[in-house]
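Scroll down for the structure; my scribbles are underneath it.
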Amino acid sequence: MGNVFFTSDHHFGHKHIIDFESRPFRDAEEMTSKMIESWNSAVNKEDKVFHLGDFSFLNNERTKDIVSQLHGYKVLILGNHDRGRSRTWWLEAGFDEVSEHPIIYNNFFFLTHEPMYMNKHMPFVNVHGHIHGQKYEGLNYFNVCVEHWDYKPITFETIRDSVVVNEEQG
């Protein structure tokens, strides 16, 4: 297996997200093609990507087409806009794994869609999406929404190194 990446909140097919989040795209079609291009510029076929929710507003056929173009082994943690569809629906759309619940990664990183309350003394960092361009205060949170990362998945090392730097400064 190659590198491990994290991302969230692509909202494929959601034309209103362009205005809601001031995304730099003309329309939903341009947003889709540019985000696929950005994903594949960062991720290789042998890499693993955790998508932390709110992937697509499109039908299964169109979602499957998008997923098939994206590099990597893809794990989806269902977001609030994904939960109206079953795990089976998302697996049929091409995700390799789908979780309805948070995942603990590397014994320290708590992967969720929405930020979870994390007491500053808890031994986890909450890697999350959901809040798009906003930042959740505190050293225990890391927002992987596409708006923060030039529409590209980010590496595990980016998150790990940020946590180490923050702990040293805190």
Steps toward salt bridge (charged side-chain N to carboxylate O under 4.0 Å, His left out) verdict (Glu114, Arg83): CA-CA 13 Å; Glu114 295 95 349; Arg83 292 184 191 121; 3.2 Å; yes
Using the rule given for ring pair (Phe, Tyr, Trp, His ring centres under 6.0 Å), can you reason through His113 versus His128, listing the C-alpha separation, both sets of side-chain angles and the distance that settles it, and then say yes or no? CA-CA 5 Å; His113 177 62; His128 65 85; 9.0 Å; no
For a side chain to side chain contact (heavy atoms under 4.5 Å, CB included) check, start with the C-alpha distance between His11 and His81, then their side-chain angles and the critical distance, and finish with the verdict. CA-CA 9 Å; His11 286 246; His81 292 293; 3.6 Å; yes
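For the pair Asp65/Glu61, no side-chain contact is recorded, criterion being any heavy-atom separation below 4.5 Å from C-beta on. Side-chain contact between Ile18 and Met31: present, with at least one pair of heavy atoms (C-beta onward) separated by less than 4.5 Å. Residues Phe55 and Phe95 meet the side-chain proximity criterion, which asks for heavy atoms closer than 4.5 Å. Arg62 has its side chain within reach of Thr32: a pair of non-hydrogen atoms, C-beta onward, lies under 4.5 Å apart. The side-chain heavy atoms of His10 and Trp39, taken from C-beta on, include a pair separated by under 4.5 Å. Side-chain contact between Ile66 and Leu58 is present, with heavy atoms from C-beta onward closer than 4.5 Å. The shortest distance between side-chain heavy atoms of Asp47 and Val4 does not fall below 4.5 Å. Put simply, the side chain of Arg23 reaches to within 4.5 Å of the side chain of Ile17, judged on heavy atoms.
Follow the hydrophobic side-chain contacts under 4.5 Å out from Phe25 and you reach Ile36 in the same cluster. Under the 4.5 Å side-chain heavy-atom criterion for Ile, Leu, Val, Met, Phe, Trp and Tyr, Tyr151 and Leu52 are members of distinct hydrophobic clusters. Under a hydrophobic-cluster definition in which Ile, Leu, Val, Met, Phe, Trp and Tyr are linked whenever side-chain heavy atoms come within less than 4.5 Å, directly or via other members, Trp149 and Val43 are assigned to different clusters. In the hydrophobic cluster analysis, where Ile, Leu, Val, Met, Phe, Trp and Tyr join through side-chain heavy atoms closer than 4.5 angstrom, Val75 is grouped apart from Trp90. The hydrophobic cluster containing Val146 does not contain Tyr141, counting ILVMFWY residues as joined when their side-chain heavy atoms lie under 4.5 angstrom apart, directly or transitively.
Side-chain contact annotation: Tyr73 with Glu46, donor-acceptor N/O pair under 3.5 Å absent. For the 3.5 Å distance criterion, the side chains of Ser41 and Ser38 fail to qualify, holding no donor opposite an acceptor. Side chains of His148 and Asn143: a donor-acceptor N/O pair is present below 3.5 angstrom, by distance only.
The CG atom of Asn3 sits 7.5 Å away from atom CG of Asn44, with the distance rounded to the nearest 0.5 Å. Distance CD/Glu147 to OG/Ser8: 8.0 Å, rounded to 0.5 Å. The line from CG of Leu91 to NZ of Lys64 is 11.0 Å long, rounded to the nearest 0.5 Å. Rounded to the nearest 0.5 Å, atoms CZ (Phe6) and CG (Leu111) are 5.0 Å apart. Put simply, OG1 on Thr7 and CE on Met35 are 9.0 Å apart, with the number rounded to the nearest 0.5 Å. Of the inter-residue distances, the one linking Ile131 atom CD1 with Cys145 atom SG reads 6.5 Å to the nearest 0.5 angstrom.
Under the ring pair (Phe, Tyr, Trp, His ring centres under 6.0 Å) rule, Tyr105 has a single partner from Phe110, Phe142, Phe50, which is Phe50. Just one of Asp9, Asn80, Asp54 meets the side-chain hydrogen bond (donor to acceptor under 3.5 Å, both in side chains) condition when paired with His130; it is Asn80. Applying ring pair (Phe, Tyr, Trp, His ring centres under 6.0 Å) to Phe156 and the options Phe109, Phe108, Phe5 leaves one that passes, Phe109. Of the listed residues (Val98, Thr112, Val127, Ile103), just one forms a side-chain contact (heavy atoms from CB on, under 4.5 Å) with Ile77, and that residue is Ile103.
Trp89 carries Arg85 over the face of its six-membered ring, with the cationic atom under 6.0 Å from the centre and within 45° of the normal.
Nearest heavy-atom pair across Val49 and His71 is CG2-O, 4.3 Å. For the pair Ala93 and Thr63, the tightest heavy-atom approach, listed with the atom from each and the gap, is CB-CG2, 3.9 Å. The two atoms that bring Pro153 and Ala42 nearest to each other are O-CB, 4.1 Å, heavy atoms only.
The main-chain N or O of Gln69 is found under 3.5 Å from a side-chain atom of Asn40 such that the two form a donor-acceptor pair.
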